[in-house]
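Quick caveat: nothing in here was measured; it's all calculated off a predicted structure. Throughout, protein chains are lettered first and strands after them, A, B, ... in sequence-line order, and every chain is numbered starting at 1.
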Amino acid sequence: MTPDDVAWVVAGAAGVDIDLVRLAADGTEVSRVRVPTGEFAGRVQAARGTRVRWVWSDTAHWYPRLLAEGVRVERCRDLRLCHAILRDSALVADAAPIRSAREWDVDATTVPAPEAPALFALATDAAASGPPHDAASALAEFARQRAAAASAGGNGRLDLLCAAESAGALVAAEMRAAGLPWDVAVHERILEDALGARPAGGGPPERMAILAAEIRGLLGDPQASLDSPPKLVRSLHRIGVPARTTAKWELGQYEHPVIAPLLEYKRLARLLSANGWAWLDEWVHEGRFRPVYIPAGVVTGRWASSGGGALQIPRLLRAAVRADPGWTFVVADVAQLEPRVLAGMSGDTALARAARGHDLYSGIVDSGAVATRAEAKVAMLGAMYGATTGESGRLVPRLRRAYPRAMRLVDDAARVGEEGDVVSTWLGRTSPRASERWLRAQRVAAGETGSAVDRDQARRAAGDRGRFTRNFIVQGTAAEWALAWLGEVRVRLDALPPVPAEEAAPRSGAALGDRPHLAFFLHDELIVHTPARHADAAAQIVRDCAASAGRLLFGDFPIDFPLDLKVTTMADKA
DNA sequence: GGAACTAGCGCG
DNA sequence: AAAGCGCGCTAGTTCC
């Protein structure tokens with residue numbers, strides 16, 4: 001914390017009074033009050049603008065109830081999320097105290113989703129699946145975390161990461177509260193265009209039924225099952241298509257009249273089951289899709305989501321994302337985030353030069369390392385994922401020659417992982433340790449009693465782990481860049497003036513519906529929902545924050561993060 | 001009849 | 001039989 005920081009530690013179980021403990025910048029307790037839950041939101045609102053940081057057990061536990069009352073907070077520290085970072089970080093010199101606080105080891109995915117704040121509080125406390133929420137526990141954990149961070153190397157990088165992670169948790173709660181504007185009529189039109197009319201009394205939609213009849217005719221079996229892979233494989237064998245699986249990449253390799261309609265049927269079946277009318281009924285209410293975002297739900301620090309498949313919305317349906325009347329979107333994504341981050345981490349000026357301007361892959365071609373953009377892309381992905389065979393594996397050595405620093409960084413990360421050690425992202429998030437099972441397999445293979453099968457399995461497991469750690473440092477650092485971007489966008493949008501009540505978007509909620517706010521985030525892309533009059537300002541903020549995120553992580557190193565950005569009322573991809 | 005698993009495919 | 005990372009979700013299948 002900076003010296004002028006004031007922290008209020010918030011604590012209390014659901015349904016009882018809430019303790020507010022004021023701390024000085026050095027962590028000593030200044031004062032303490034106990035307030036009824038009904039006064040909590042008012043207290044928080046009153047503290048806006050005082051540079052307070054709210055320290056609490058779990059943003060998903062505390063923040064939804066504030067948002068429901070129309071109250072935003074400027075900054076917080078999410079003890080649950082920061083605990084996980086500091087507990088595992090290789091930068092922390094003395095991790096023993098924080099590791100001993102096992103009650104804070106709460107897997108993000110076990111935190112229940114808030115249907116409504118009241119229900120959520122009940123669910124959490126009844127199931128006792130969250131971290132402790134009382135004042136003594138929170139104060140002790142905060143002290144442990146400050147000590148752990150103070151013992152860490154890395155010039156404050158972990159402090160930066162904890163701040164960014166906590167800001168992300170605020171964004172996640174706010175985006176759920178605001179929701180993503182979703183036009184049900186447009187979605188239904190897309191479904192009908194693709195699938196045909198919605199069946200009145202069950203059964204498949206019209207176009208799927210016609211396709212199914214055609215396919216069954218070609219299979220020579222009016223009863224053929226198209227939805228069961230084993231049965232479909234047997235049906236295909238009977239007409240001379242020797243497919244082993246029903247995966248589309250394999251089916252696509254056979255020449256037979258049944259293949260084309262079958263692939264089309266599978267595409268439609270997927271759309272129907274994943275995002276059909278049932279999805280719409282379940283997940284879109286009052287013009288908003290409100291998924292549950294799970295910050296750091298992925299080991300690398302990326303977010304996960306729960307319910308509604310928020311991070312897998314098919315491109316086809318993006319046309320259903322429509323701004324409210326008088327509002328618009330700023331849709332922005334970063335071009336080639338991961339290789340840019342790799343250039344920054346490794347200090348590879350040659351790769352940074354290739355990245356300058358806009359298209360990094362074209363820049364690689366211009367440098368002469370490979371001949372085409374497609375080659376540059378597959379080679380770079382192969383380098384970051386650990387490809388060893390095929391076209392990708394063949395091209396990676398060309399990148400090694402052209403960008404030795406960058407390639408050495410990922411190659412070293414892979415070697416460390418193969419040896420069973422951990423790797424860390426730029427800001428210090430550290431990969432999980434090798435499992436006991438993995439270590440045992442390596443010991444057995446290395447020992448005199450190990451069989452050829454043991455050795456083969458161990459080598460494969462080592463390779464798998466090496467590809468994981470290779471990718472971890474890049475994917476994880478990209479996630480950190482994105483958090484920095486997101487967090488700064490949030491703060492700066494919040495500083496824009498609110499619009500008059502008659503121009504507000506009430507469906508986005510009392511806390512956020514009167515001003516530009518984040519509405520969606522997906523790894524390297526965000527959508528801001530904004531009153532039209534603030535669209536240009538919001539777009540500039542999104543651009544400026546990409547630049548400042550780059551500086552926050554990589555200082556003066558000359559790597560830029562260009563955006564594909566557009567201002568539009570329909571958020572199909574930028 | 002339900003839990004646990006797999007196949008397949010959507011997203012980055 | 002995906003080559004090469006990270007996910008979530010649905011339907012079908014297998015096992016208890």
Taking a pair to mean Watson-Crick or G-U wobble geometry with both distances below 3.5 Å, B:dC5 pairs with C:dG12
Do A:Y265 and A:D227 meet the criterion of a side-chain donor-acceptor pair at a distance under 3.5 Å? yes
Quiz item: So what does A:V299 hit on the nucleic acid, given a heavy-atom distance under 4.0 Å: a base, only sugar-phosphate, or nothing?
Solution: sugar-phosphate
Ordered by number, residues from residues 389-415 of chain A within less than 4.0 Å of DNA chain C (heavy atoms) are A:T389, A:S392
With a 6.0 Å cut-off on the ring centroids, do A:F554 and A:W426 count as close? yes
Sugar-phosphate, base or nothing in reach of A:L522, heavy atoms under 4.0 Å:
sugar-phosphate
Between the base of C:dG8 and the side chain of A:Q312, is there a donor and acceptor pair under 3.5 angstrom? yes
Original post:
Could one point to a donor on the side chain of A:R315 or the base of B:dG10 with an acceptor on the other under 3.5 Å away?
Top reply: no
Using OP1 and OP2 only, check whether a side-chain N or O of A:T246 sits under 4.0 Å from B:dG8.
yes
When both distances are under 3.5 Å in a Watson-Crick or G-U wobble arrangement, the nucleotide paired with C:dA3 is none
field: Geometric class of the A:H517/A:H529 ring pair [parallel <30°, tilted 30-60°, perpendicular >60°]
entry: perpendicular
If we ignore angles and hydrogens, is there a donor and acceptor under 3.5 Å between the side chains of A:T430 and A:S424? yes
Establish, with yes or no, whether the OP1 or OP2 oxygen of C:dC5 is under 4.0 angstrom from a side-chain nitrogen or oxygen of A:R467.
yes
**Asked** Quick one: is C:dG8 close enough that its OP1 or OP2 comes under 4.0 Å of any side-chain N or O from A:S306?
**Response** no
Give the ring-plane orientation class for A:F468 versus A:F472, where under 30° counts as parallel, over 60° as perpendicular and anything between as tilted.
perpendicular
Restricting to nitrogen or oxygen on both sides, can you table the protein-nucleotides 10-16 of chain C pairs closer than 3.5 Å?
from: C:dG12; atom 1: O3'; to: A:S228; atom 2: OG; distance (Å): 3.4
from: C:dT13; atom 1: OP1; to: A:S228; atom 2: OG; distance (Å): 2.2

